[in-house]
Amino acid sequence: MKIVKLPKEKLAEFLSCLRAFGEIHAPTKRGEKSHVFAPLKEPAGIELDYTRTILPLKKYFLPPMETMFNFQAEKGYETPAEESDKKYIIFGVHPCDIHSLKILDLVFGGKYVDGHYFSRRSKAAIIGLDCIPDEFCFCRSTGTDFVDDGFDLFLSDIEDSYLVRVGTSLGDDMVKAADTLFQEVTVQDREKYKKKSIQRGQSFQSEIQLQDLPEIMDLEYESQIWQELGEECLGCGTCSMVCPTCYCYAVFDELNLDAASGQRIRRWDSCLFKDYALVAGGHNFRAQRSSRVKNRYFHKQRGFVSQYGRPSCVGCGRCKEYCPAGVDIIEVVNKLRSETRV
Ligand code: SF4
Ligand code: SF4
């Protein structure tokens with residue numbers, strides 16, 4: 001893989017060059033402590049010293065609400081006019097969030113390919129950035145603390161510069177378009193990179209043991225732990241909304257006043273919501289909060305492993321940080337494990 005070096009004082013200039021490749025979206029501050037991915041107006045507005053954004057990247061590719069198609073009686077249906085072909089660049093994406101996109105690609109590129117999702121995906125370049133974990137991060141345990149692919153460029157902080165890994169030909173074009181800003185990587189740079197990697201590895205404060213977890217989940221299907229968790233959980237759905245790998249959506253029709261035409265819409269949904277498993281006739285397959293919260297854990301740590309060979313959690317820590325009831329995925333897994341293993 002081609003690796004070059006970008007001195008930090010050249011970053012603003014590089015961002016200006018990148019505008020030729022699309023609209024730049026980057027982490028920016030929201031309130032005192034929070035960050036969001038948003039369009040970058042000025043290079044000075046970028047906040048690269050962040051740990052996680054409130055909403056992950058799925059908001060770009062699976063918007064919270066969208067029209068899937070318009071319909072009209074006797075004429076059938078048509079997909080909405082093509083969205084603009086505008087390209088954009090999402091700058092400063094951490095490894096766990098890049099891994100989450102790889103998971104969403106698997107899901108939306110499966111048996112029924114989701115054209116809406118992939119149309120947006122194809123217009124976005126991803127520029128990654130390394131990070132320092134906080135107390136909520138456990139991506140090291142999920143093997144998502146480092147990425148080898150899934151990005152166009154990836155920047156690693158080595159004090160006064162960034163080491164830039166070039167992941168795609170588009171990334172290479174970006175470097176070539178600003179080649180006077182880049183320098184060759186020296187032996188000293190590699191040493192700095194190794195030192196930073198070791199420091200980063202030592203910064204992890206949380207871990208989760210995933211080994212044997214699918215089997216433990218099966219054994220603990222009837223555990224009292226789910227009842228206890230159902231009493232703690234408020235059923236607010238925040239954990240699903242902020243999770244980069246939760247992708248459930250509800251589909252409904254909105255009828256126009258002529259009662260003959262309308263739109264089919266999809267909107268983010270959560271398996272924690274009370275009516276998520278409500279079906280025609282009024283039966284609710286998961287009326288109890290305990291069964292809904294159990295379902296979320298089983299889907300991520302059991303069902304997804306059966307289907308895709310890996311859990312659908314990237315250890316970003318969002319569900320733990322933003323849960324108003326303090327539900328902690330690491331504690332839940334540890335409790336389940338303690339019932340089965342010594
Ligand atoms: S964020 Fe917490 S309280 Fe809300 S649904 Fe998820 S686990 Fe329950
Ligand atoms: S389950 Fe929690 S830690 Fe895992 S990817 Fe989702 S929000 Fe992040």
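Indexing begins at 1, ligand by ligand and atom by atom, following the structure's order.
- For atom 4 (Fe) of ligand 1, the set of nearby N, O or S atoms under 2.8 Å includes one belonging to Cys236.
- Residue contact check: Leu272 has heavy atoms under 4.0 Å from atoms 5 (S) of ligand 1.
- Neither the backbone nor the side chain of Lys320 has a heavy atom within less than 4.0 Å of ligand 2.
- Phe37 has its ring centre no less than 6.0 Å from the ring centre of His25.
- Among protein heavy atoms, the minimum distance from atom 8 (Fe) of ligand 1 is reached at Cys233 SG, 2.4 Å.
- Here the heavy atom of the protein found nearest to atom 6 (Fe) of ligand 1 is Cys239 SG, 2.4 Å.
- Near Cys319, with a cut-off below 4.0 Å to any heavy atom, the atoms of ligand 2 are 1 (S), 2 (Fe), 3 (S), 7 (S).
- The aromatic rings of Phe14 and Phe182 lie perpendicular to each other, with more than 60° between the two planes, well past the 30° mark.
- Taking CZ of Phe154 as the start and CD1 of Ile3 as the end, the distance is 12.0 Å to the nearest 0.5 Å.
- Atoms of ligand 2 lying under 4.0 Å from any heavy atom of Phe138, numbered from 1 in the order shown and given with element: 3 (S).
- Taking atom 2 (Fe) of ligand 1 as the reference point, the nearest protein heavy-atom neighbour is Cys323 SG, 2.3 Å.
- In this structure, Phe136 does not count as a contact residue of ligand 2, since none of its heavy atoms falls inside 4.0 Å of the ligand.
- For Arg190, the CZ atom sits in a loose shell: 12 or fewer heavy atoms of surrounding residues, nucleotides or ligands are nearer than 6.0 Å.
- The protein atom (non-hydrogen) at minimum distance from atom 3 (S) of ligand 1 is Leu234 N, 3.2 Å.
- Annotation: cation-pi pair Lys294/Tyr221 present, NZ/CZ under 6.0 Å from the ring centroid and within 45° of its normal.
- Here Cys243 fails the criterion, with no N, O or S atom under 2.8 Å of atom 2 (Fe) of ligand 2.
- His94 places a side-chain N or O within 3.5 Å of a backbone atom of Thr51 that can act as its donor or acceptor partner.
- At least one heavy atom of Val314 sits under 4.0 Å from some atom of ligand 2.
- Remark: Lys8 is positioned above the aromatic ring of Tyr162, its terminal NZ or CZ atom under 6.0 angstrom from the ring centre and at most 45 degrees off the axis.
- Annotation: Phe108 is not in aromatic contact with Phe61 [ring centroid separation under 6.0 Å not met].
- Near Lys300, meaning under 4.0 Å from any of its heavy atoms, are these atoms of ligand 2: 1 (S).
- Ranking the protein heavy atoms by distance from atom 5 (S) of ligand 1 puts Gly237 N, 3.2 Å first.
- Near Cys313, with a cut-off below 4.0 Å to any heavy atom, the atoms of ligand 2 are 1 (S), 3 (S), 4 (Fe), 5 (S).
- Interatomic distance, CD of Glu23 versus NZ of Lys41, reported as 9.5 Å (0.5 Å rounding).
- Looking at Arg267, Arg120, Arg264 one by one, the single match for salt bridge (charged side-chain N to carboxylate O under 4.0 Å, His left out) with Glu66 turns out to be Arg120.
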